[in-house]
Colleague: 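Once you've had a glance at the structure underneath, I'll fire off some questions.
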Amino acid sequence: QVQLVESGGGLVQAGDSLTLSCAASERTFSPYGMGWYRQAPGKEREFVAAITWSTGAPFYSDSMEGRFTISRDIDKNTVYLQSNSLKPEDTAVYYCAADLGVFVVGRPYSFGSWGQGTQVIVSS
């Protein structure tokens, strides 16, 4: 079972930028896709962004207003989430997830492996 370890969270001010990282433990890591989700206090977990590992093609939640950018470094087995113009409502625990299934063009993601999350707090 692959382990995913998020890092980069913390306390920031509104308007700041922040980059989260998620590193996979396996030496040979080739998922179909990686994703970022977040869960704010008292709310359900919501999708933020995803990326197809082999192609680097990104996908974003429409509700994120273009303030988030997902990327990956294949050599480091790491996926990143860059966030800009952070708002207090972005306060949440951010989780990364992996879809370890086979690559099929156009297949929807199915994230079955999850990290423990990293807390982001945005103060006003």
Side-chain angles (χ1 to χ4, degrees):
Q1 182 82 11
V2 65
Q3 291 189 342
L4 304 174
V5 180
E6 302 97 335
S7 61
L11 175 63
V12 297
Q13 295 191 344
D16 284 354
S17 298
L18 193 67
T19 298
L20 306 180
S21 302
C22 172
S25 61
E26 290 185 345
R27 182 171 298 180
T28 302
F29 183 67
S30 185
Y32 173 57
M34 296 288 292
W36 284 97
Y37 285 72
R38 69 184 187 183
Q39 188 166 18
K43 295 187 177 181
E44 294 187 352
R45 190 173 297 188
E46 66 172 337
F47 171 74
V48 178
I51 189 167
T52 299
W53 194 255
S54 61
T55 65
F59 302 90
Y60 298 98
S61 168
D62 291 339
S63 64
M64 298 303 153
E65 305 170 319
R67 298 183 293 114
F68 293 84
T69 302
I70 190 170
S71 62
R72 91 284 192 246
D73 186 326
I74 293 177
D75 293 335
K76 295 182 179 180
N77 291 344
T78 299
V79 63
Y80 304 95
L81 183 70
Q82 179 180 347
S83 53
N84 301 314
S85 302
L86 284 164
K87 305 175 181 180
E89 50 265 43
D90 293 318
T91 294
V93 178
Y94 285 72
Y95 299 90
C96 74
D99 176 345
L100 302 179
V102 297
F103 178 88
V104 177
V105 175
R107 173 171 77 76
Y109 297 117
S110 177
F111 295 113
S113 298
W114 294 82
Q116 293 300 307
T118 185
Q119 176 76 60
V120 174
I121 300 174
V122 184
S123 64
S124 58

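The structure presented is a predicted model; accordingly, all values stated were derived computationally and were not measured.
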Colleague: May I ask you to test the Ser71-Gln82 pair for a side-chain heavy-atom distance under 4.5 Å?
Modeller: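 A side-chain contact under 4.5 Å is absent here.
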Colleague: Quick check for you: to the nearest 0.5 Å, what is the distance between Arg107 atom CZ and Thr52 atom OG1?
Modeller: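 Here the interatomic distance stands at 9.0 Å.
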Colleague: Contact between Phe59 and Ile51 at the side-chain level, heavy atoms closer than 4.5 Å - yes or no?
Modeller: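 No. Closest side-chain heavy atoms not under 4.5 Å.
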Colleague: Is there a path of hydrophobic side-chain contacts, each under 4.5 Å between heavy atoms of I/L/V/M/F/W/Y residues, joining Leu100 to Trp36?
Modeller: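 Same cluster: Trp36 reaches Leu100 through Ile, Leu, Val, Met, Phe, Trp or Tyr contacts under 4.5 Å.
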Colleague: For Glu44, I'd like to know if atom CD has over 12 heavy atoms of other residues, nucleotides or ligands within 6.0 Å.
Modeller: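 Check fails, neighbour count at 12 or below.
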Colleague: Using a 4.5 Å cut-off on heavy atoms from C-beta on, say whether the side chain of Ile70 contacts that of Tyr60.
Modeller: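 In short, these two side chains touch, coming nearer than 4.5 Å.
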Colleague: Could you tell me whether a side-chain N or O of Thr78 sits under 3.5 Å from a main-chain N or O of Lys76, the two making a donor and an acceptor?
Modeller: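 Yes: the side chain of Thr78 pairs with the backbone of Lys76.
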Colleague: Give a yes or no on whether Leu81 and Tyr37 share a hydrophobic cluster (residues Ile, Leu, Val, Met, Phe, Trp, Tyr; joining criterion: side-chain heavy atoms under 4.5 Å apart).
Modeller: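 Different clusters.
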Colleague: Less than 3.5 Å apart, any donor N or O on the side chain of Asn84 or Ser17 sitting next to an acceptor on the other?
Modeller: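 Judged by distance alone, the side chains do pair up.
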Colleague: Please round to the nearest 0.5 Å and tell me the distance separating atom OG of Ser25 and atom CG of Asn77.
Modeller: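 Between Ser25 OG and Asn77 CG, I get 9.0 Å after rounding to 0.5 Å.
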Colleague: Any chance the side chains of Tyr32 and Ser110 put a donor and an acceptor closer than 3.5 Å?
Modeller: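 Checked: Tyr32/Ser110 side chains show no N/O donor-acceptor pair below 3.5 Å.
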Colleague: Supply the atom-to-atom distance Asp90 CG to Ile121 CD1, rounded to the nearest 0.5 angstrom.
Modeller: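 So the gap between those two atoms works out to 13.0 Å.
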Colleague: Please test Asp16 against Val122 for side chain to side chain contact (heavy atoms under 4.5 Å, CB included), starting from the C-alpha separation and ending with a verdict.
Modeller: CA-CA 8 Å; Asp16 284 354; Val122 184; over 6 Å; no
Colleague: If you group Ile, Leu, Val, Met, Phe, Trp and Tyr by side-chain heavy-atom gaps below 4.5 Å, do Val5 and Val2 land in one group?
Modeller: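 Val5 does not cluster with Val2.
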Colleague: Any link between Trp114 and Val120 through a network of hydrophobic side chains (Ile, Leu, Val, Met, Phe, Trp, Tyr) touching at under 4.5 Å?
Modeller: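 No, Trp114 does not connect to Val120 through the hydrophobic network.
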Colleague: With a 3.5 Å distance limit and no angle check, can you tell me whether Glu6 reaches the backbone of Gln116 through a side-chain donor-acceptor pair?
Modeller: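 Yes; judged by distance alone, with no hydrogens or angles, the pair exists.
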Colleague: With distance as the sole test, does Ser123 use its side chain to make a donor-acceptor pair with the main-chain N or O of Val12 at under 3.5 Å?
Modeller: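 Side chain of Ser123 to backbone of Val12: a pair is present.
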Colleague: Cation over ring, Arg45 on Tyr95, under 6.0 Å and within 45°?
Modeller: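 So Arg45 does make the cation-pi contact.
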Colleague: So Leu11 and Gln119, do their side chains get closer than 4.5 Å, heavy atoms only?
Modeller: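 When only atoms from C-beta onward are counted, Leu11 and Gln119 do not touch, as no gap falls below 4.5 Å.
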Colleague: So which atom in Lys43 and which in Gln39 form the shortest heavy-atom distance, rounded to 0.1 Å?
Modeller: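 Smallest heavy-atom distance, with atoms named: O-NE2, 3.1 Å.
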Colleague: Tell me whether the count of non-hydrogen atoms from other residues, nucleotides or ligands lying under 6.0 Å of CD in Glu26 goes above 12.
Modeller: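 More than 12 heavy atoms, drawn from other residues, nucleotides or ligands, come within 6.0 Å of this atom.
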Colleague: Are side-chain heavy atoms of Pro31 and Asp99 found at a separation under 4.5 Å?
Modeller: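 When only atoms from C-beta onward are counted, Asp99 and Pro31 do not touch, as no gap falls below 4.5 Å.
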Colleague: Might you point out which heavy atoms bring Val79 and Trp53 nearest each other, and give the distance in Å?
Modeller: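 In this case the closest contact between Val79 and Trp53 is CB-CZ3, 4.4 Å.
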Colleague: State, with a plain yes or no, whether a side-chain heavy atom of Arg72 is found less than 4.5 Å away from one of Tyr80.
Modeller: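 Of all side-chain heavy-atom pairs linking Tyr80 with Arg72, none is under 4.5 Å.
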Colleague: Determine the interplanar angle of the Phe111 and Tyr109 rings, folded into 0 to 90°, and report it as parallel if under 30°, tilted if 30 to 60°, perpendicular if over 60°.
Modeller: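 Rings of Phe111 and Tyr109: parallel, under 30°.
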Colleague: Measure the spacing between OG of Ser83 and CZ of Arg38 and express it to the nearest 0.5 Å.
Modeller: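 With rounding to 0.5 Å, OG (Ser83) is 9.5 Å from CZ (Arg38).
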Colleague: Can you name the closest pair of heavy atoms from Ala14 and Ser124 and give their distance?
Modeller: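 Smallest heavy-atom distance, with atoms named: CB-CA, 4.3 Å.
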Colleague: Rounded to the nearest 0.5 Å, how far apart are CD of Glu46 and CE of Met64?
Modeller: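 With rounding to 0.5 Å, CD (Glu46) is 4.0 Å from CE (Met64).
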